[in-house]
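Model, not experiment: these values are computed from the prediction. In the text below, chain A, chain B and the rest are named by the order of the sequence lines, each starting its count at 1.
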Amino acid sequence: MEIALRVNGQERTGDIEPRRLLIHFIRGDLGLTGSHVGCDTTSCGACTVLLDGSPVKSCTLFAVQANGSEIKTVEGLMQDGELDPIQAAFKEEHGLQCGFCTPGMMLTAAELLDRNPSPSEDDIRWALSGNICRCTGYVNIVKAVQAAAPAKSEPVATGSEA
Amino acid sequence: MFPSRFDYVAPDTVEEVLATLAQHGDEAKILAGGQSLIPLMKLRFASPGLLVDVNRVPGLGFVEETGEHLRVGTLTRNTELERSALLKSGYPVMADAAPMISDPLVRNRGTIGGSLAHADPAGDWGSVMLALGAEVVIKSSTDERTIPVSELLVNTFTTSLDPTEMITEIRVPKTPARSGGSYLKMERRVGDFATVATAVHLTLDNGTIKRAGIGLTAVGSKNLQASAAEDALAGAEPTAEAFEEAARLAAEASSPSSDVRGSAEYKKAMVRTFVRRGLDKALELARG
C-alpha cells in the first residue's frame, strides 16, 4: 500500500505491506533510527513517537494507520541547529545513562510541556509512567523535565539554573 | 514481531464499515485503538484476514449528556475520558477508572468501544459499565439494536456481537442526584493488568440505597456483576453492616484463578476489601 505522511516536517512516502509496524517504517524505510525497539510488546515506550502531536507506541500501530498524519521523532526535536529545551535539559541534568529510553522520554515530556508548561513532579511522573528506564534514572529524568519547563513557558532562555 | 499478512481498508463512514463487515463476515476484524488487537496479532494469537480500520470515520468519538443518558462514542480515546470534566463531575466510577487503564501512551490510542468488544476479563470498562447499568448501541448493515453490557459480555474474549456488527455507542443512564461511585484497582505496576479491581455505583433515596451496581475485574472468566451483593443493598440503609455483607457476597461471587499476580484466596480477600472500601467512597460522594 502506498502511504504519504509528514515526518519531522518533511513529506515522506512509502509502499509497504499493511502489516508493517510504524516503528519499522520509521527505522527501516526512512532510516530514522533514533526511535528504538525495546520490548516490542507495548510495555516500555522506547518506540514513542508523536502522532499528530500525541505520544504513542509506534510498535503498536501499523504504518498504514499513519497515512496522512504528522509524525515527530526525536530527530525532529532539534530546530535550526539548536537543541530543543527538553534535549538541553536532559543533557544538563544527566537525564540519561545508556540513552535507550531517552528519545521516548523526551518526546513524551515535550508533549507534556506543550500541554502543561509548569507541571508538578506528580504530573511529570504520571505523564512518563508509560516510558520505562532500566538504568533507574527517573530522578534525573524528572529533574530534566522540571528544568525544561520554564524554558518552554518563556521563549527567551536565560541559561541553566545553578 | 510481525503479524501474519492481512488486507487493510480504512473506510470513511459507518455505512462502509458495516457493508465491509457484511461482505467479509468473520474474516474481518475491526481495528479501533489496536492496543490489545495489535499485540495479539504480533503474537499470532489473532490472524484476521482483513482489518477494517475505523479510525478515519468521523463522529465516533464524543462524550455528551442528552435526555436520559450519558452518550459515549465507541472510538472515544481513554485519554479523552481521563480528562473529561463531565465524567469528573457526574460519573466518578468512570473518572476513577479511565486513568487506571494501562499507561498514558496506550490511553492515547485505546478506546472504550474497543475495550468492551475485546471482552478481556481483566479489562476495566466492562466492570464499570456493569456497575452503571450501561447499554451498548450495536449496528450492522441491516439492523440496529441496543443491549445491556451484561448481555454483551459472554465469556473470555467472547461477546454476543455477530461478526457483521459493530458497537457504535455506549449509553450510561444519567446519574441522579445523590449518586456516587468508585473504581479501585490493584496493579503491580503501571501498565499491568489488574490483580483485582472493583467498580461500585450507589444511588441514595431518602437515606436508603435506591440502586447499587457492583462490577468485578480480573476475578472470573469475564467482568462479573455481583448481583447478590447488589440485591442485598437495594432498599437497605447504607450501614457498615450492610456494606460488609455486600462485600462478602461480592467476594463469594468471584472466581479468580491463582497466577503470578496472586493466589485465588488472596484475590477473593481483596475483592471483599475493595468492595467494602469502594462502597464507603461511593457513599461519601453520594451524600455530597
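- By the 6.0 Å contact criterion, NZ on A:Lys91 is open, its count of non-hydrogen atoms from other residues, nucleotides or ligands being 12 or less.
- Residue contact with chain B, scored on non-hydrogen atoms closer than 4.5 Å, involves the backbone and the side chain of A:Thr60 alike.
- Heavy-atom neighbours of A:Tyr138 OH from other residues, nucleotides or ligands within 6.0 Å: above the threshold of 12.
- Chain B forms more heavy-atom pairs under 4.5 Å with one residue of A:Gly104, A:Gly45, A:Ser43, A:Cys59 than with any other, namely A:Cys59.
- The structure places CZ of A:Arg19 at 13.5 Å from CE of B:Met1, a figure rounded to the nearest 0.5 Å.
- Atom OG1 of A:Thr108 sits about 8.5 Å away from atom CG of B:Asn108, to the nearest 0.5 Å.
- The two atoms that bring B:Lys42 and A:Leu21 nearest to each other are CE-CD1, 3.7 Å, heavy atoms only.
- Surrounding OH of B:Tyr266 are at most 12 heavy atoms belonging to other residues, nucleotides or ligands under 6.0 Å away.
- A:Glu17 CD to B:Asp7 CG: the interatomic distance, rounded to the nearest 0.5 Å, is 10.5 Å.
- At a 4.5 Å heavy-atom cutoff, B:Leu43 makes no contact with chain A through either its backbone or its side chain.
- Remark: B:Glu64 CD is packed, more than 12 non-hydrogen atoms of other residues, nucleotides or ligands lying under 6.0 Å away.
- Only the side chain of B:Arg109 comes within contact range of chain A, with at least one heavy atom under 4.5 Å from a heavy atom of that chain.
- For chain A, no part of B:Arg189 is nearby; none of its heavy atoms comes within less than 4.5 Å.
- B:Leu51 touches chain A through its side chain: at least one heavy atom from C-beta onward sits under 4.5 Å away, while N, CA, C and O do not.
- Minimum heavy-atom separation, A:Pro18 to B:Tyr8: CB-CB, 3.6 Å.
- With hydrogens and angles ignored, the 3.5 Å screen pairs no side-chain donor or acceptor of A:Arg20 with any backbone N or O of B:Phe2.
- For A:Leu51, the part lying near chain B is the side chain, with the backbone staying farther off; criterion is any non-hydrogen pair under 4.5 Å.
- Ranked by heavy-atom pairs under 4.5 Å with chain A, the first of B:Ala10, B:Gly191, B:Gly34, B:Pro99 is B:Pro99.
- Proximity to chain A is limited to the backbone of B:Ser4, based on heavy atoms less than 4.5 angstrom apart.
- In this structure a side-chain-to-backbone donor-acceptor pair under 3.5 Å is missing from A:Lys57 to B:Gln35.
- Counting heavy-atom pairs closer than 4.5 Å to chain A, the top-ranked of the candidates B:Asp103, B:Leu105, B:Asp192 is B:Leu105.
- For the atom pair CE of B:Met41 and CZ of A:Phe62, the computed distance is 4.0 Å after rounding to the nearest 0.5 Å.
- Proximity to chain A is absent for every atom of B:Arg77, based on heavy atoms less than 4.5 angstrom apart.
- Between chain B and the residues A:Thr42, A:Val56, A:Val64, the most heavy-atom pairs under 4.5 angstrom are made by A:Val64.
- Between A:Ser129 and B:Pro104, the closest heavy-atom pair is OG-CD, 3.2 Å.
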